[in-house]
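Report on one structure; see the data block that follows.
Labels below follow one simple rule: chain letters A, B, ... track the order of the sequence lines, proteins then strands, and each chain is numbered from 1. What you see is a predicted model; the values in this text were computed from it and never measured.
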There are 2 protein chains.
Amino acid sequence: MQSTCGSAKAQTGGGHGQGGLIAVYDDGGPLHNLRRNARRVRAGHVLVQDGDEFDKVIVVIEGWLATSKSFEDGEQQIIDFILPGDILDPATADGLTVGVTLEAVTDALVSIIPASVWQTMLKTSPTLEDMVGHLWAATQARTSERLLRLGKGTAPMRIAFAILELSLRLRALGHDTDTAFHLPLTQKALGDYTGLSSVHVCRTMRRLVRHGVIETSDHIDIRIVDLQTLSEIAGIDVKRLQQEITPTAA
Amino acid sequence: MQSTCGSAKAQTGGGHGQGGLIAVYDDGGPLHNLRRNARRVRAGHVLVQDGDEFDKVIVVIEGWLATSKSFEDGEQQIIDFILPGDILDPATADGLTVGVTLEAVTDALVSIIPASVWQTMLKTSPTLEDMVGHLWAATQARTSERLLRLGKGTAPMRIAFAILELSLRLRALGHDTDTAFHLPLTQKALGDYTGLSSVHVCRTMRRLVRHGVIETSDHIDIRIVDLQTLSEIAGIDVKRLQQEITPTAA
DNA sequence: CGATGAGTTGACGTTTGTCAAGGCCGGTGG
DNA sequence: CCACCGGCCTTGACAAACGTCAACTCATCG
């Protein structure tokens, strides 16, 4: 699937002024000239492989990226989705190599900034430093919630949480409506994100549909029908999650 | 268990000059006067609860802390262990509340720094900024490896990895020998860290012992007998893991 | 010496993964 | 236009991994 249509829906939308950090790109903020140096990548393209030498920082302008790690046998875990407005420094502690594979989930527009340049930008722009701090806190909070659910949560809980998390992140970008949105993901990808097999993702989502919690069309366009129940299954209060993971523009 | 003896073993050891960031505390670095303002906490003490308002940064000088999250039913996941030399900013994206519970695993010595003071320290000390960057990269790398194993790894793999990860972190602090070390953890806590029940942690560790991969005494003093096999079970090359997660002093 | 808490082990149930088969849909080439 | 193909979703049957419950041991501590 991954139709260009869906991607476009998820990618564009600057100018909503809805509060997403992406707005900074177009408002004369420290990243305002990012689009000029940006590079277009197509869905499926691998930007960096786990273990590669690489000392650059990635800023996503349009589209979805994903970081992942995998075992030799091919089992793969998606570490995080990197959405428009997100900034990724994939370096490990050695400062030379990266610890994740970075791949474009949809067609995307990214800016690739050498580490030295990035350092300079940071030290000359307190605004940018604040942005990075907020993004980092948001990432930490999201990762903690996800670790909890990967370690101790059931399949319905993991799926429900992923839906809520992604819907909140998309909404913060000013896309989609409150309850309906498009995920440019296969069920396999959703399983790689939640630590489940694609078969079990399917079963679990069908059950959520049968119970009237969500509705789906085209298999992966999701509409939240019963937000209250969904957040109970996910084990989180939606407002609280929003505070935790939505970077309030500084 | 958690004997004071064991705690002491894990806590002290400054002055080895082995390269751990903890050395900076005693070498006139930007944190050299940290001990003066430090606060002593006892094992089991909860410093902050998930959801609390709190805008301070924690620097660990001696002892182990742990960040965790839990569900209403009491199921708990340890997000990370915070060891001497580590710096923790538990804030979420809203900048006001924290997203994890922070608890002392052993008796510990910590410095609690108001966010505003911390910001000033950062902006006036490039050295400190570099340290934080390296620590952050190390944390990211460790978390990614752990997400992979929580999502797609078997119980033996999670346990083997936890043993390797913690042994490397301890070794970087200059404690313990290459292969033998003490973990101030119950099997329940190891389970909360690896996403397993305490019963299954026990079974899995006994199997590792029977197969001659590790040896244990006092149930939780661990000696690695067959490092090669252990790292194969964990699904990682030890040298690579060390590069990823050991912050090379800047 | 009883009480408590942690580790150990076995029996059993539940959740989830694996395998296999079928349906749907879009693309491709005759 | 149509036949074919490959991906993806869906569903059922079965197997494996892991959690739960319960009983026992052992060490520690009052």
Side-chain angles (χ1 to χ4, degrees), chain A residues 1-7 43-44 71 73-77 105 149-160 162 182-210 214-222 233 235, chain B residues 1-7 43-44 71 73-77 105-106 149-160 162 182-211 214-222 233 235:
Chain A
M1 194 64 63
Q2 248 159 239
S3 65
T4 312
C5 160
S7 304
F71 295 126
D73 69 4
E75 282 294 329
Q76 191 188 14
Q77 173 72 32
V105 174
R149 280 160 188 84
L150 281 183
K152 302 286 184 179
T154 62
M157 182 174 279
R158 299 186 201 183
I159 296 289
H182 171 82
L183 297 183
L185 304 171
T186 62
Q187 292 184 349
K188 171 77 167 57
L190 208 59
D192 289 345
Y193 187 56
T194 53
L196 299 167
S197 69
S198 62
V199 173
H200 208 65
V201 169
C202 177
R203 266 194 268 268
T204 307
M205 286 190 62
R206 302 277 83 222
R207 201 167 310 162
L208 288 177
V209 170
R210 270 202 305 279
I214 62 173
E215 283 175 1
T216 62
S217 44
D218 280 349
H219 299 302
I220 201 71
D221 278 327
I222 294 177
I233 294 172
Chain B
M1 194 64 64
Q2 247 160 236
S3 66
T4 311
C5 160
S7 305
F71 296 125
D73 70 4
E75 282 294 329
Q76 191 187 16
Q77 174 71 33
V105 174
T106 67
R149 281 160 187 83
L150 280 184
K152 302 286 185 178
T154 61
M157 180 173 281
R158 299 185 202 183
I159 297 289
H182 171 82
L183 296 183
L185 303 173
T186 63
Q187 293 185 348
K188 171 75 167 55
L190 244 179
D192 289 345
Y193 187 56
T194 53
L196 299 167
S197 69
S198 62
V199 173
H200 208 65
V201 169
C202 178
R203 266 194 265 270
T204 306
M205 286 191 62
R206 303 276 83 220
R207 201 168 309 162
L208 288 177
V209 170
R210 271 201 304 278
H211 288 21
I214 60 174
E215 283 176 358
T216 62
S217 44
D218 279 348
H219 300 301
I220 201 71
D221 279 326
I222 295 178
I233 294 173

| Atom-to-atom span, CG of B:Leu183 to P of C:dA6 - whole angstrom | 16 Å
| query | To the nearest Å, how far apart are B:Leu185 CG and C:dA6 P? | reply | 13 Å
| request: List the atom of B:Thr106, the atom of B:Pro184, and the distance in Å for their closest heavy-atom pair. | output: CG2-CB, 3.4 Å
| remark: B:Leu196 atom CG is separated from C:dG7 atom P, nearest whole Å, by 14 Å
| field | Spacing of B:Leu190 atom CG relative to D:dG19 atom P, expressed in whole Å | value | 13 Å
| field | Heavy-atom side-chain contact between B:Arg149 and A:Phe71 under 4.5 Å | value | yes
| query | How close or far is atom P of D:dA17 from atom CZ of B:Arg207, stated in whole angstroms? | reply | 9 Å
| Contacting residues from residues 198-206 of chain A, given that a heavy atom lies under 4.0 angstrom of DNA chain D | A:Val199, A:Cys202, A:Arg203, A:Arg206
| said: Using the side chain to side chain contact (heavy atoms under 4.5 Å, CB included) definition, which of the options A:Thr194, A:Asp192, A:Val199 pairs with A:Leu196? | reply: A:Thr194
| request: Please report, rounded to the nearest Å, how far the C1' atom of D:dC9 is from the CD1 atom of A:Ile159. | output: 14 Å
| task | Using atom CE of A:Met157 as one end and atom C1' of C:dT16 as the other, report the distance to the nearest whole Å. | result | 16 Å
| task | Only counting residues at least two apart or in another chain, list the ones meeting salt bridge (Lys or Arg N to Asp or Glu O under 4.0 Å) with B:Arg158. | result | none
| message | So, taking the atom named CE in A:Met205 and the one named NE2 in A:His200, what distance separates them when rounded to the nearest 0.5 Å? | response | 13.0 Å
| task | Grab the CG-P distance between B:Leu150 and D:dA17 for me, whole Å please. | result | 18 Å
| message | Classify A:Gly195 by what it touches in the nucleic acid, base, sugar-phosphate, or nothing, heavy-atom distance under 4.0 Å. | response | sugar-phosphate
| Proximity to the side chain of B:Ser197 - top-ranked nucleotide from D:dT20, C:dT16, D:dC18 | D:dT20
| remark: Out of D:dT10, D:dT20, C:dT8, minimum distance to the side chain of B:Gln187 belongs to C:dT8
| task | Supply the atom-to-atom distance A:Leu183 CG to A:Leu190 CG, rounded to the nearest 0.5 angstrom. | result | 7.0 Å
| Interatomic spacing from CD1 in A:Ile233 to OG1 in A:Thr154 - rounded to 0.5 Å | 8.5 Å
| request: Indicate, with a heavy-atom threshold strictly under 4.0 Å, whether A:Gly153 touches base, sugar-phosphate, or nothing. | output: nothing
